[in-house]
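In what follows, chains are A, B, ... by sequence order, proteins preceding strands, each numbered from 1.
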2 protein chains.
Amino acid sequence: MPAPAERPRRSCCPVACTLDLLGDRWTLLVVRDLFRGVDRYSAFARSPEGIATNILADRLDDLVANGIAERFVPTGQKRARYRLTDAGRELEPLLRAVADWGLKHISGTEAKLAPQPK
Amino acid sequence: MPAPAERPRRSCCPVACTLDLLGDRWTLLVVRDLFRGVDRYSAFARSPEGIATNILADRLDDLVANGIAERFVPTGQKRARYRLTDAGRELEPLLRAVADWGLKHISGTEAKLAPQPK
DNA sequence: TTATTTACTTGCAAATCGCAAGTGATAAGC
DNA sequence: GCTTATCACTTGCGATTTGCAAGTAAATAA
């Protein structure tokens, strides 16, 4: 039972609807990792924030269900990987705005966000 | 006991830290209303998403505690009002990015965000 | 002076979170 | 080829948070 998933829409406001998909403490961190090129389950789990594995599984499912990320298995391999969809990639300005605000207004924050190395 | 309040910081990532303050389903909607000039408790509660009053009280407290909004009582009046601080006003690009993404990628969303009519 | 509204608070059940501990498949080492 | 470690999850469960409904005291309106 995922958290930011298919709930009844609260209003037709684009802010409210986007928050229905991304509005929680973890989803955007997974998206941030996807932007950094993280693509394996265990790698997301190793991020410094220490997401619990059940939550990670939920969030990845949500992101896939909502068309922001996709799960795939590279040919010749067996283990799953994740990558951003086009819609997911278009979250970059949003993510950047979040990072910029944090850098400016929360002391002790450090930049590290880089565009996908590839 | 507010939700997105003074928790131990999860990491020094500006995205994570910003999410510690704004990462839930309601906080940014209250900020959106503040941008629209909504300033009274009852008016926030009347927004179409229908925030529960206990949650509204919590979120307003959080926003004030985190320096994003401030509570004030106009001279000659008795009832409280709320307004954005400078830091809060600088959330505009973030809010706009959230709205833009929703408008583009979630069907049925309608724009309405306008700069504070002042 | 009485009735409304406003700005909250309180109680409580249901949903979600976060931790710890599995589990079975895959890959690595010998 | 066999053993061991890693990976991608799932499960259980207590603690926290949510969301609904109802209540309250102060302020404003009638």
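Nearest to the side chain of Arg46(A), among dC7(D), dA21(D), dG12(D), sits dC7(D). Distances from the side chain of Lys78(A) to the nucleotides dT28(D), dT9(C), dT26(C) place dT26(C) closest. Closest to the side chain of Asn54(A), out of dC19(C), dA22(D), dA7(C), is dC19(C). Closest to the Arg79(B) side chain, of the nucleotides dT5(C), dG18(C), dA27(C), is dT5(C). Distance from the side chain of Ile55(A) is smallest to dG18(C) among dG18(C), dA8(D), dA7(C).
Between the CG atom of Asp58(A) and the C1' atom of dC19(C) there is a distance of 15 Å, rounded to whole Å. Atom-to-atom, CG of Leu60(A) to P of dT10(D) comes out at 10 Å; the value is rounded to the nearest Å. Leu56(B) has its CG atom 16 Å from the P atom of dT10(C), to the nearest Å. Regarding Asp61(A), its CG atom lies at a distance of 11 Å from the C1' atom of dT10(D), rounded to whole Å. Atom P of nucleotide dC9(D) and atom CG of Asp62(A) are separated by 14 Å, given to the nearest angstrom. Distance, Gln77(A) CD to dT6(D) P: 18 Å, rounded to whole Å. Taking atom OH of Tyr41(B) as the reference point, atom C1' of dT5(C) lies 14 Å away to the nearest angstrom. Nucleotide dG19(D) holds its P atom 12 Å from the CD atom of Glu49(B), rounded to whole Å.
Side-chain N/O atoms of Ser42(B) and base N/O atoms of dT5(C) include no donor-acceptor pair closer than 3.5 Å.
Nearest-nucleotide positions on DNA chain C place Arg71(B) closer to the 5' end than the other of Arg71(B) and Gly76(A). Mapping Thr53(A) and Ala80(B) onto DNA chain C by nearest heavy atom places Ala80(B) at the nucleotide closer to the 5' end.
Taking 4.0 Å as the cut-off between side-chain N and carboxylate O, Asp20(A) and Arg25(B) count as a salt-bridged pair. Ion pairing between Arg59(A) and Asp24(A) holds under the 4.0 Å rule for side-chain N and carboxylate O. Of the charged side-chain nitrogens involved, none lies within less than 4.0 Å of a carboxylate oxygen, so that Glu70(B) and Arg81(B) do not count as a salt-bridged pair.
Considering only side-chain N and O atoms, Arg25(B) lies nowhere under 4.0 angstrom from the phosphate OP1 or OP2 of dT16(C). Proximity of Trp26(A) to the phosphate of dG18(C): a side-chain N or O atom is located under 4.0 Å from OP1 or OP2. Distances shorter than 4.0 Å separate some side-chain N or O of Tyr82(B) from OP1 or OP2 on dC8(C).
The shortest non-hydrogen separation linking Tyr41(A) to Leu60(A) is CD1-CD1, 3.9 Å.
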Kindly determine whether Glu92(A) and Arg32(A) satisfy salt bridge (charged side-chain N to carboxylate O under 4.0 Å, His left out), including the steps that lead there. CA-CA 9 Å; Glu92(A) 209 212 305; Arg32(A) 172 204 64 185; over 6 Å; no
